[in-house]
Amino acid sequence: MTRQPLVARRAEELLSASVVATAPVAGGDIATATRLRLSNGTTALMKTLPHAPEGFFAAEADGLRWLAEVTPAGGASTPEVLGADHECLIIRWVEPGKNSVDAAAALGRALATTHAAGAPSYGAERDGFIGRLPMPNRPADTWAEFYAVRRVLPYLKLARDRGAATPEQAAAIESVLPRIAELVPEEPPARLHGDLWNGNVLWGLDGQAWLIDPAAYGGHREVDLAMLALFGLPHLPRVLDAYVEAAAETRPLADGWADRVALHQVFPLLVHACHFGGGYAERAAEAAARFA
């Protein structure tokens with residue numbers, strides 16, 4: 001590791017330790033990531049994004065802290081927030097390792113505990129972000145309303161505006177929204193990670209799975225489970241089996257939850273359509289059509 005003076009100086013403004021060395025970290029699509037070695041022996045990850053939208057890193061920091069409230073009670077692990085401002089976030093470094101069946105089972109149990117900690121409402125006090133996109137979080141009285149109005153329709157409109165979704169695809173998705181209330185049993189809001197796809201599960205060298213890059217809010221726990229299944233999480237069946245077993249001790253998943261996975265994937269597929277175009281809107285329309 002060498003030392004990048006500008007990066008080091010920015011980190012030192014937020015931390016009570018000097019930066020001994022820095023090194024670039026590959027993999028981030030949005031922010032620039034840098035590994036820091038601090039004079040107090042701590043290793044950290046610094047994410048920077050010049051001219052970030054207002055509240056961008058604060059939302060991520062708040063989400064990490066909110067999820068971490070449950071960790072001492074057996075909830076999912078998240079990296080400790082060391083500092084944040086309007087253009088950067090610094091978290092404790094998690095050394096990457098290999099996935100394992102044991103870690104997957106532990107993740108399933110921990111995620112069930114995090115979800116069970118609950119949330120005050122469907123939504124959150126402040127709007128957030130998912131990827132580069134704003135994410136509306138104004139609370140709603142029911143999950144059916146929140147999912148349709150805060151999660152599906154904003155990204156469907158944006159996808160259409162960007163030419164990433166056709167009128168026919170939009171119509172197919174819109175047609176299922178009035179049926180959400182009958183398709184999805186209501187339950188108390190869960191404490192969600194909110195963007196829980198494979199890339200946001202970090203398998204640590206310590207043998208556990210860590211949740212990173214949250215878009216946290218109060219929502220239906222089936223959304224987190226649906227996102228885990230979207231892009232091929234390693235050992236997913238073991239994660240889900242352990243989750244179901246742990247949830248059965250407090251609040252079992254509603255019958256038919258696995259059949260609703262595609263319904264709750266409509267939202268993240270539309271987010272991907274807005275970010276990347278391609279065939280994501282078509283996949284969202286096909287998922288919605290299963291429930292028409």
Shortest non-hydrogen contact from [X] toward [Y]:
X	Y	value
P79	W210	N-CE3, 3.8 Å
F57	K47	CZ-O, 3.7 Å
V176	A292	CG2-N, 4.4 Å
L153	L177	CD2-CD1, 3.5 Å
P252	R221	O-NH2, 3.0 Å
F291	L183	CB-CD1, 3.7 Å

Kindly indicate whether the side chain of [X], heavy atoms from C-beta on, has any atom under 4.5 Å from the side chain of [Y].
X	Y	value
M135	R151	yes
P268	D195	no
Y155	P136	yes
W203	P234	yes
L49	T32	no
L82	R92	yes

Report yes or no: does [X] contribute a side-chain atom to a donor-acceptor pair with the main-chain N or O of [Y] at less than 3.5 Å?
X	Y	answer
T114	A76	yes
E282	G279	no
R283	Q265	no
H115	E222	no
E12	S18	no
N137	G123	no
E87	H51	yes
R238	A105	no

Residue pair I173, V266: steps toward the side-chain contact (heavy atoms from CB on, under 4.5 Å) verdict: CA-CA 8 Å; I173 293 167; V266 171; 4.0 Å; yes

Check the side chains of H193 and N200 for a donor-acceptor pair under 3.5 angstrom, ignoring hydrogens and angles. no

Will you find, in the side chains of D102 and S100, an N or O donor that is under 3.5 Å from an N or O acceptor? no

Listed by chain and number, what are the side chain to side chain contact (heavy atoms under 4.5 Å, CB included) partners of L14, not counting sequence neighbours?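 L14: side chain to side chain contact (heavy atoms under 4.5 Å, CB included) contacts with D85, C88, I90.
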
From [X] [atom1] over to [Y] [atom2], what is the distance, rounded to the nearest 0.5 angstrom?
X	Y	atom1	atom2	answer
Y243	L225	OH	CG	5.0 Å
L228	L196	CG	CG	4.0 Å
I130	L270	CD1	CG	11.0 Å
M46	L89	CE	CG	9.5 Å
D127	E54	CG	CD	11.5 Å
I212	L202	CD1	CG	5.5 Å

Residue [X] excluded, over 12 heavy atoms near [atom1] under 6.0 Å:
X	atom1	answer
E125	CD	no
D141	CG	no
D255	CG	no
E245	CD	no

Are [Y] and [X] linked, directly or through intermediate hydrophobic residues, by side-chain heavy-atom contacts shorter than 4.5 Å (ILVMFWY only)?
X	Y	value
L107	W257	yes
V70	L111	no
L67	I91	no
L230	V261	no
L15	V94	no

Once the angle between the rings of W143 and Y122 is folded into 0 to 90°, is it parallel (under 30°), tilted (30 to 60°) or perpendicular (over 60°)?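 Correct class here is tilted.
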
Geometric class of the F267/Y147 ring pair [parallel <30°, tilted 30-60°, perpendicular >60°]: perpendicular

What do the steps show when you test L233 against N99 for side-chain contact (heavy atoms from CB on, under 4.5 Å), and what is the final call? CA-CA 10 Å; L233 181 77; N99 61 71; over 6 Å; no

salt_bridge(K157, E174) N-O dist < 4.0 Å: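 A salt bridge is absent here (no side-chain N lies under 4.0 Å from a carboxylate O).
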
With the threshold set at 4.0 Å, does a side-chain nitrogen-carboxylate oxygen contact exist between R179 and E182? yes

Stepwise side-chain contact (heavy atoms from CB on, under 4.5 Å) check, F129 with I30: CA-CA 12 Å; F129 296 86; I30 297 173; over 6 Å; no

Ring centroid separation Y280 to H275 under 6.0 Å: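 Between Y280 and H275, the centre distance exceeds or equals 6.0 Å.
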
Go through the steps for R37 and V19 under the test side-chain contact (heavy atoms from CB on, under 4.5 Å), then give the verdict. CA-CA 6 Å; R37 190 169 75 237; V19 175; over 6 Å; no

Quick one: does NZ or CZ of R150 land under 6.0 Å from the six-membered ring centre of Y217, within 45 degrees of the ring axis?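 No, cation not above the ring by the 6.0 Å, 45° rule.
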
